[in-house]
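Reviewing the structure listed below.
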Protein chains: 2
Amino acid sequence: MAVNRLKKLGLKLTPQRLAILNLLEGNKKHPSAEEIYSQLKPRFPSLSPATVYNTLEVLAKAGELQEVRIRGDKKHFDSNPAPHGHFLCRICQSIYDLDVEPLEMQTPFSVKGHLVEGYTLYFYGICPVCQEGSKTKLN
Amino acid sequence: MAVNRLKKLGLKLTPQRLAILNLLEGNKKHPSAEEIYSQLKPRFPSLSPATVYNTLEVLAKAGELQEVRIRGDKKHFDSNPAPHGHFLCRICQSIYDLDVEPLEMQTPFSVKGHLVEGYTLYFYGICPVCQEGSKTKLN
DNA sequence: CTCTCAACTTATAATAATTATAAATTCATA
DNA sequence: TATGAATTTATAATTATTATAAGTTGAGAG
Ligand SMILES: [Mn+2]
Ligand SMILES: [Mn+2]
Ligand SMILES: [Zn+2]
Ligand SMILES: [Zn+2]
C-alpha cells in the first residue's frame with residue numbers, strides 16, 4: 001500500500017502524500033494536478049496546490065507514477081508507471097488506457113544508434129461513449 | 001513549393017508566411033516557435049512572435065505541418081505532417097526523426113470501441129552524438 | 001516520552017509559453 | 001488605383017507550473 005511505497009523511497013509519511021497516493025491508486029481517470037487538488041481540498045482544507053505539484057513531481061521522478069502529457073495544456077497522472085498506450089477523446093477529453101497490439105516494447109533498446117530509455121504512445125480520436133452519443137442523435 | 005501550399009489553402013501570400021514555410025521546408029531540426037522567430041528576425045526586423053505563433057497554428061490546423069510535443073515546455077514544428085516517430089535526447093535536447101519497426105499504423109482505425117484518428121509516438125534517451133561524447137570521456 | 005531539525009507544507013510571487021485584443025498595415029482583386 | 005478583408009504587430013492577458021521563504025511537523029535520538 002501507499003505507506004510502504006513512501007517508506008521505501010525514504011520519504012516522510014504525511015497525510016497529504018497518503019491522500020494523493022490513495023486517490024491515484026487504482027484510479028483509471030488519469031486526473032490532473034488541479035483535479036487532484038480539487039478532490040482532496042474538502043477533506044484537507046489546509047492543502048495547497050504546491051504540495052500536490054511537489055508530491056506528484058517527487059513520485060514521478062522516483063518512478064512511482066507516470067506523467068501523461070497527452071494534452072497540450074496540462075499534465076495528467078497515472079499511478080501505473082509502466083509504459084502503456086493512452087487515448088484522449090477529442091469530444092469529452094477523457095483519457096483512457098489503450099493498448100494496441102504490436103506496441104509492447106521493452107526498454108532500453110537501441111535503434112539506429114539512438115539509445116531509447118523510454119517512450120510514450122498517445123492516441124487521439126473519439127471514445128466509445130461519445131461515438132454512442134452521436135449515433136443516438138442520428139436516429 | 002510554399003507559394004502553392006498557401007494558395008491552395010486560400011491563405012494570403014505574405015513574406016512572413018513564406019519565410020516560415022521556407023525555413024521549415026526540409027528542416028530536420030524540429031525548431032520551436034521561438035527558434036523560428038529568432039532565426040527570421042534578422043532578415044525580417046518587423047517580425048512579431050505572434051505572427052510566428054499564428055502562422056504555425058494555421059498551418060498545423062490545415063494539416064500542412066505537425067506540432068511535435070515531445071517536450072513538456074514548448075511545442076516544436078515539423079514540415080512533414082505525416083505521423084512518424086520522434087526521439088528527444090535528454091543530454092543535448094535535440095529532436096530526431098525515428099521510425100521503429102512495427103509501428104507504422106494507418107489511421108483511422110478502431111480498437112476496443114475507440115476510434116483512433118491520429119497518434120504520436122515519442123522516444124526518450126541518448127542520441128548517437130551524445131553517446132559518442134561520453135565514450136570519448138571514458139577513454 | 002519529548003526534543004530536535006531536516007523534511008515538508010503553505011501562501012505568495014515569479015516564470016514562460018501561448019493566446020487574446022485592438023490598431024495599423026497590406027495582399028488581392030475589381 | 002481604390003477597397004476591404006485578411007494579416008501583422010505591439011501589447012496585455014492567461015494559466016499551468018515553479019521558485020521562494022516562512023511556518024509546521026514527522027520520525028529518529030536520547
Ligand atoms: Mn494509464
Ligand atoms: Mn519529424
Ligand atoms: Zn468521449
Ligand atoms: Zn544528444
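Side chains are part of it too, since the values below use all heavy atoms of this structure and drop only hydrogens, waters and symmetry mates. Letters go in sequence order (proteins before strands), and every chain restarts at 1.
The CG atom of B:Leu21 sits 13 Å away from the P atom of D:dT7 (whole-angstrom rounding). Between the CD atom of B:Glu34 and the P atom of C:dT15 there is a distance of 17 Å, rounded to whole Å. A straight line from CG of A:Leu40 to P of C:dT9 spans 13 Å, rounded to a whole angstrom. Counting to the nearest Å, the P atom of C:dC8 and the CD atom of A:Glu57 are 13 Å from each other. For the pair A:Leu9 CG and D:dA27 P, the computed distance is 14 Å after rounding to whole Å. A:Leu11 places its CG atom 13 Å from the C1' atom of D:dA27, with the value rounded to the nearest Å. With rounding to whole Å, B:Leu18 atom CG is found 16 Å from C:dT26 atom P. Per the geometry, CD belonging to A:Gln16 stands 11 Å off P belonging to C:dC8, to the nearest Å.
Below 30°, between 30° and 60°, or above 60°: for A:His86 and A:His30 the angle between ring planes is above 60°, a perpendicular geometry.
Of the side-chain N and O atoms in A:Ser48, none sit less than 4.0 angstrom from OP1 or OP2 of C:dT9. Taking only side-chain nitrogens and oxygens, B:Tyr53 comes nearer than 4.0 Å to OP1 or OP2 of C:dT18. In terms of phosphate contacts, B:Ser46 brings a side-chain nitrogen or oxygen within less than 4.0 Å of OP1 or OP2 of D:dT9. Residue A:Arg17 places no side-chain N or O under 4.0 Å from the OP1 or OP2 atom of C:dA7. When the side-chain nitrogen and oxygen atoms of B:Thr14 are compared with OP1 and OP2 of D:dT8, one or more of them lie within a distance under 4.0 Å.
Here the rule is salt bridge (charged side-chain N to carboxylate O under 4.0 Å, His left out) with A:Glu67, and of A:Lys74, A:Lys61, A:Lys75 only A:Lys75 fits it.
The main-chain N or O of B:Pro83 is never found under 3.5 Å from a side-chain atom of B:Gln66 such that the two would form a donor-acceptor pair. Put simply, the side chain of B:Glu64 never gets that close to the backbone of B:Pro81: no donor and acceptor are under 3.5 Å apart.
When heavy atoms are screened at a 4.0 angstrom cut-off, B:Pro45 is found touching no nucleic acid atom at all.
Looking at which nucleotide of DNA chain C each of B:Lys12 and A:Pro49 is closest to, the 5′-most match is held by A:Pro49. Place B:Ala50 and A:Gly10 on DNA chain C by their nearest nucleotides, and A:Gly10 ends up nearer the 5' end.
Contacts between residues 70-81 of chain B and DNA chain C, counted as heavy-atom distances below 4.0 Å, involve B:Asp73, B:Lys74, B:Lys75.
A salt bridge is defined here as a Lys NZ or Arg NE, NH1 or NH2 lying under 4.0 Å from an Asp or Glu carboxylate O, and B:Arg90 with A:Glu117 meets this definition. Taking the charged nitrogens against the carboxylate oxygens, A:Arg5 and A:Glu25 do have a contact shorter than 4.0 Å, which makes a salt bridge.
Taking the six-membered ring wherever Trp is involved, the centroid distance between the rings of A:Phe123 and B:His114 does not fall below 6.0 Å.
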